[in-house]
**Q** 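Before I ask anything, let me first share the structure, which is written out below as structure tokens.
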Amino acid sequence: MTHAAAGFRHVSVQELTAYEGQEVTLKGWLYNKRGSKHLQFLMVRDGTGLVQCVVAADSVDVDAWRIAEEATQESALIVTGKIVADERQAGGVELVVSTLKLVGESVEYPITPKEHGIDFLMSHRHLWLRSRLPWAILRIRNRLIVAIHTFFQDRGFLQMDAPILTGNAVEGTSSLFELDYFDEKAYLTQSGQLYGEAMAMAFGRIYTFGPTFRAEKSKTRRHLTEFWMIEPEMAFFDLDMTLDLAEDLLVYMIGDVLAHCKEELAMLERDLAPLERVRKPFPRISYTEAVELLCSNETVDMLSVRIQALEEENAALAEELAANRKRYGQAKKSERRRLDAREIVIHRRTGEIAEALQNLPAWKASARSFKWGSDFGGSDETVLTWHFDRPIMVHRYPAAVKAFYMKRDPDDVRLAMALDVLAPEGYGEIIGGGERATDLVFLEEQIAAHQLPKEAFEWYLDLRRFGSVPHAGFGLGLERMLTWIAGIDHVRETIPFPRLMGRIAP
RNA sequence: UCCUCGGUAGCUCAAUGGUAGAGCAUGCGGCUGUUAACCGCAGGGUUGUAGGUUCGAGUCCUACCCGGGGAGCCA
């Protein structure tokens, strides 16, 4: 729906091409400005996009010209003018200004259109949200949410909200945020799954979509203390049906984003090829096969090749840097700027390489010495996915590393009917789940073996006492999924206000 | 909790133990089509904190604080 159709009194940047030749009014903020004595180019953003507004001194009144000259970054503006085609512009049009009003001034906006460090940006997250990359990422997040609801609703799933405050700790309290609930202990939820199982017995197929909290003291690019999880749960589903569903869901989500977020992905400079390769079928390998692959000579060779390539790149960059510095003395000012800019790029890349070269030998050792029966570490998952060109589905894990409610493999009782989906390009686990145990006595034994308080699980055990059926489900981490799709290197940029260990504001 | 890297101007970064600099941002001046515009000038510093070594410390040592990355744990 256009702004006009929605009853708004001004148009959005997004729909400007439809107004070519007409006079329109835009309301937004000054993103950047370039100018000369009689001409100012205002880059104006309104939340839907960016457009260049051209102000000529001789075609606006004195007040408007002064505003154009004096407006600083992020000043709020109302701009009226004619939309004209211009090939040089990203959107194909620009606005030739006839009147200009200042709504709110902006003094010394801290985020300049240059380089900033992550600490500074995170401390100014409330303003950083206005920049291009957060804009692109959070627009894709919105599209993913729409796609997820559409996918499940089209397949007859009922969306349900699981409680956020819970009384029982499902898997140990070390990873739970504890709080006082009228003199009782309560926790912020770390999964809606048990409640989802109850709802699946009532509605057949359901999914939750809500916040999840983990108090793990993790400071890595894959962790948030507050993140959003989608957890489908299906009555009368076995492991294979669940693998099919997870595969269909991922293919649908990627396809939907590719269809609707071309501009955003381009802004992120995302290589689309790995996303376009996400088609059925995904490789399905058992945990045991994954362990064999991890310990294989093939893995050692692959990592050696990677290490060597990085060392060569590092040497080449060091050489270039030395050559540039030698040239710097005689260089003209404009060339010095180029050299400065190049030095920043080299600096950043050598930092990445140093980090990788520090990690890779340890990752290689970890993979080589991996023993059947342990759970995969972050590096093991990354190394595994480097062998494939699309997401991989790993199934049938050792029961010991999975939760108490997992169904055992009837062909091998050491195994749980669990599934993990690992994203390609080293993005790691995005889905975890499996088939749930149906047998009351087995579950009671597991609760005892895990030293969990049985009273707290009586309601859950009722689901087995009254018409227990095969059922299964999984959890999809929205931020990890989005990190992969956007091709960025940290989950913190995929949620408007990330909650991380050591950072609770803004 | 452990390992590792870092903390210098508002921001991003330089600076053999020897006079703390550059780009951007800001202010002033110039330029009629700029694309992170460009050109000139100017202001801007308790080098994270506290000690120590030294004729002399941004640089070396010790402790602490803060941040990045990783391990464990996990979506």
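Chain letters run A, B, ... following the sequence lines, proteins first, then strands; residues in each count from 1. In this text, all values refer to a predicted model and were calculated from it rather than measured experimentally.
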**Q** Using a 4.0 Å heavy-atom cut-off across all strands, classify G378(A) as base, sugar-phosphate, or nothing.
**A** base
**Q** Look at the side chain of D46(A) and the backbone N and O of V13(A), then say whether any donor-acceptor pair between them is shorter than 3.5 Å.
**A**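 Between the backbone of V13(A) and the side chain of D46(A) there is a qualifying donor-acceptor contact (under 3.5 Å).
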**Q** Is there a donor-acceptor pair closer than 3.5 Å between any side-chain N or O of R368(A) and the backbone N or O of C295(A)?
**A**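 Such a contact is found between R368(A) side chain and C295(A) backbone.
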**Q** Just N and O in the side chain of H490(A): are any of them under 4.0 Å from OP1 or OP2 of G69(B)?
**A** yes
**Q** Taking the same atom, C1', in U16(B) and in U26(B), what whole-Å distance lies between them?
**A** 35 Å
**Q** In whole Å, I'd like the distance from the NE2 atom of H38(A) to the P atom of C31(B).
**A**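 Taking NE2 of H38(A) and P of C31(B), I get 7 Å after rounding.
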**Q** In whole angstrom, give me the gap between the C1' atoms of U19(B) and U47(B).
**A** 16 Å
**Q** Please state whether the base of C11(B) and the side chain of H116(A) form at least one donor-acceptor pair under 3.5 Å?
**A** no
**Q** Rounded to the Å, how far apart are H124(A) NE2 and C11(B) C1'?
**A**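 Spelled out: NE2 on H124(A) to C1' on C11(B) is 10 Å.
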**Q** Base, sugar-phosphate, or nothing: which does S366(A) touch, judged by heavy atoms less than 4.0 Å apart?
**A** nothing
**Q** Is there a donor and acceptor pair, one atom on the side chain of Q52(A) and one on the base of U34(B), closer than 3.5 Å?
**A**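 Flag set: donor-acceptor pair detected.
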**Q** For W484(A), does its backbone N or O pair with a side-chain atom of R270(A) as donor and acceptor, under 3.5 Å?
**A**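 Between the backbone of W484(A) and the side chain of R270(A) there is a qualifying donor-acceptor contact (under 3.5 Å).
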**Q** In whole Å, I'd like the distance from the CG atom of L127(A) to the P atom of G10(B).
**A**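 Answer to the nearest Å: 18 Å.
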**Q** So what does E94(A) touch, heavy atoms closer than 4.0 Å: a base, only the sugar-phosphate, or nothing?
**A** base
**Q** Starting at CG of L121(A) and ending at C1' of G68(B), how long is that distance when rounded to a whole Å?
**A** 13 Å
**Q** Taking the six-membered ring for Trp, are Y397(A) and F376(A) parallel (under 30°), tilted (30 to 60°) or perpendicular (over 60°)?
**A**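 Rings of Y397(A) and F376(A): perpendicular, as their planes differ by over 60°.
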**Q** Any stacking of F227(A) on A75(B), going by centres under 5.5 angstrom and planes within less than 30 degrees?
**A**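 Yes, F227(A) stacks on the base of A75(B).
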**Q** Any side-chain N or O of R34(A) less than 4.0 Å from the OP1 or OP2 oxygen of U32(B)?
**A** no
**Q** Are a donor atom and an acceptor atom from the side chains of K33(A) and T72(A) found within less than 3.5 Å of each other?
**A**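 Short answer, no.
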**Q** Taking side chain to side chain donor-acceptor pair (under 3.5 Å) as the definition, give me every residue that meets it alongside S131(A), ordered by chain and number, with sequence neighbours left out.
**A** none
**Q** Using a heavy-atom cut-off of under 4.0 Å over every strand shown, decide if R492(A) touches base, sugar-phosphate, or nothing.
**A**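 The residue R492(A) makes sugar-phosphate contact but no base contact.
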**Q** Over 60° means perpendicular and under 30° means parallel, so classify the ring planes of F209(A) and H149(A), tilted if in between.
**A** parallel
**Q** Within this structure, what is the CZ-to-C1' distance between R221(A) and C74(B), rounded to whole angstrom?
**A**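 Distance, rounded to whole Å: 16 Å.
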**Q** Round to a whole Å and report the spacing from CZ of F41(A) to C1' of C31(B).
**A**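 About 12 Å, once rounded to whole Å.
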**Q** I'd like to know if the side chain of E493(A) reaches the main chain of P134(A), judged simply by a donor and an acceptor atom lying under 3.5 Å from each other, with no hydrogens or angles considered.
**A**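 No; zero donor-acceptor contacts below 3.5 Å.
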**Q** What nucleotide among U12(B), A75(B), C24(B) has an atom nearest to a side-chain atom of F120(A)?
**A** U12(B)
**Q** Excluding sequence neighbours, so at least two apart, what forms side chain to side chain donor-acceptor pair (under 3.5 Å) with D375(A)?
**A**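 Not a single residue meets the side chain to side chain donor-acceptor pair (under 3.5 Å) criterion with D375(A).
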**Q** Using atom P in both nucleotides, what's the gap between C13(B) and G6(B) to the nearest angstrom?
**A** 13 Å
**Q** Using the ring of each side chain (for Trp, its six-membered ring), is W363(A) parallel, tilted or perpendicular to W386(A), with breaks at 30° and 60°?
**A**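 Aromatic pair W363(A)/W386(A) classed tilted.
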**Q** Closest to the L39(A) side chain: G33(B), C74(B), A71(B)?
**A**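 The answer is G33(B), which lies nearest to the side chain.
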**Q** Within the 4.0 Å heavy-atom criterion, would you say D420(A) contacts the bases, only the backbone, or no part of the nucleic acid?
**A** nothing
**Q** Could you tell me whether the side chains of E197(A) and Y405(A) share a donor-acceptor contact shorter than 3.5 Å?
**A**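 On atom types as modelled, these side chains do not qualify, holding no pair under 3.5 Å.
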**Q** Please work out if Q89(A) contacts a base, only the sugar-phosphate, or nothing of the nucleic acid, heavy-atom cut-off 4.0 Å.
**A**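 Here Q89(A) touches the bases of the nucleic acid.
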**Q** Using atom CD of E87(A) as one end and atom P of G33(B) as the other, report the distance to the nearest whole Å.
**A**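 After rounding, the reported distance stands at 18 Å.
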**Q** Considering only atom C1', compute the distance from C65(B) to U53(B) and round it to an integer number of Å.
**A**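 The answer is 23 Å between these two C1' atoms.
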**Q** With C1' as the reference atom in both, quote the distance from G48(B) to C5(B) in angstrom, rounded to an integer.
**A**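 After rounding to an integer number of Å, I get 16 Å for this pair.
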**Q** Find which nucleotide of RNA chain B each of K33(A) and Q73(A) is nearest to by heavy atoms, and output the residue with the more 5' nucleotide.
**A** Q73(A)
**Q** Can you check whether R88(A) has a side-chain N or O nearer than 4.0 Å to OP1 or OP2 of A37(B)?
**A**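 Negative; the distance criterion is not met.
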**Q** If you measure from the C1' atom in U49(B) to the same atom in C74(B), how many Å do you get, rounded?
**A** 35 Å
**Q** Can you sort out the partners of E70(A) under side-chain contact (heavy atoms from CB on, under 4.5 Å), two or more places apart, ordered by chain and number?
**A** R66(A)
**Q** Look at all strands and tell whether L224(A) reaches a base, only sugar-phosphate, or nothing, counting heavy atoms closer than 4.0 Å.
**A** base
**Q** Report, one pair per line, the protein and nucleotides 64-67 of chain B atoms (nitrogen or oxygen only) whose separation is under 3.5 Å.
**A**
from: G67(B); atom 1: OP1; to: G502(A); atom 2: O; distance (Å): 3.4

**Q** Can you name the atoms? Protein N/O to nucleotides 1-7 of chain B N/O, anything below 3.5 Å, with the distance.
**A**
from: U4(B); atom 1: O2'; to: Q358(A); atom 2: OE1; distance (Å): 3.4

**Q** Any sub-3.5 Å donor-acceptor pair from R205(A)'s side-chain atoms to E233(A)'s backbone N or O?
**A**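 Such a contact is absent between R205(A) side chain and E233(A) backbone.
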**Q** Give a yes/no on whether any side-chain N or O of N32(A) is located under 4.0 angstrom from OP1 or OP2 of U34(B).
**A** no
**Q** Among G33(B), A75(B), C74(B), which is the nearest nucleotide to the side chain of R222(A)?
**A**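 The listed nucleotide nearest to R222(A)'s side chain is C74(B).
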**Q** Return one dot-bracket line describing RNA chain B 5' to 3' (Watson-Crick or G-U wobble pairs, both distances under 3.5 Å; ( ) same strand, [ ] crossing, | another strand, . none).
**A** (((((((..((((....[..)))).(((((.......))))).....(((((..]....))))))))))))....
**Q** Mapping S36(A) and E381(A) onto RNA chain B by nearest heavy atom, which one lands closer to the 5' end?
**A**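 Its nearest nucleotide lies further toward 5', so the answer is S36(A).
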**Q** Say we look at G58(B) and G18(B): how far apart would their C1' atoms be, to the nearest angstrom?
**A**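 It comes out at 13 Å once rounded to the nearest Å.
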**Q** On a whole-Å scale, what distance lies between the P atoms belonging to U1(B) and A57(B)?
**A**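 The answer is 35 Å between these two P atoms.
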**Q** Are any side-chain N or O atoms of R396(A) and backbone N or O atoms of A418(A), one a donor and one an acceptor, separated by less than 3.5 Å?
**A** no
**Q** Roughly, in whole Å, what's the span from CG in D375(A) to C1' in C73(B)?
**A** 10 Å
**Q** Distance only, no hydrogens: is a donor on one side chain within 3.5 Å (strictly under) of an acceptor on the other, for E23(A) and T80(A)?
**A**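 Checked: E23(A)/T80(A) side chains show no N/O donor-acceptor pair below 3.5 Å.
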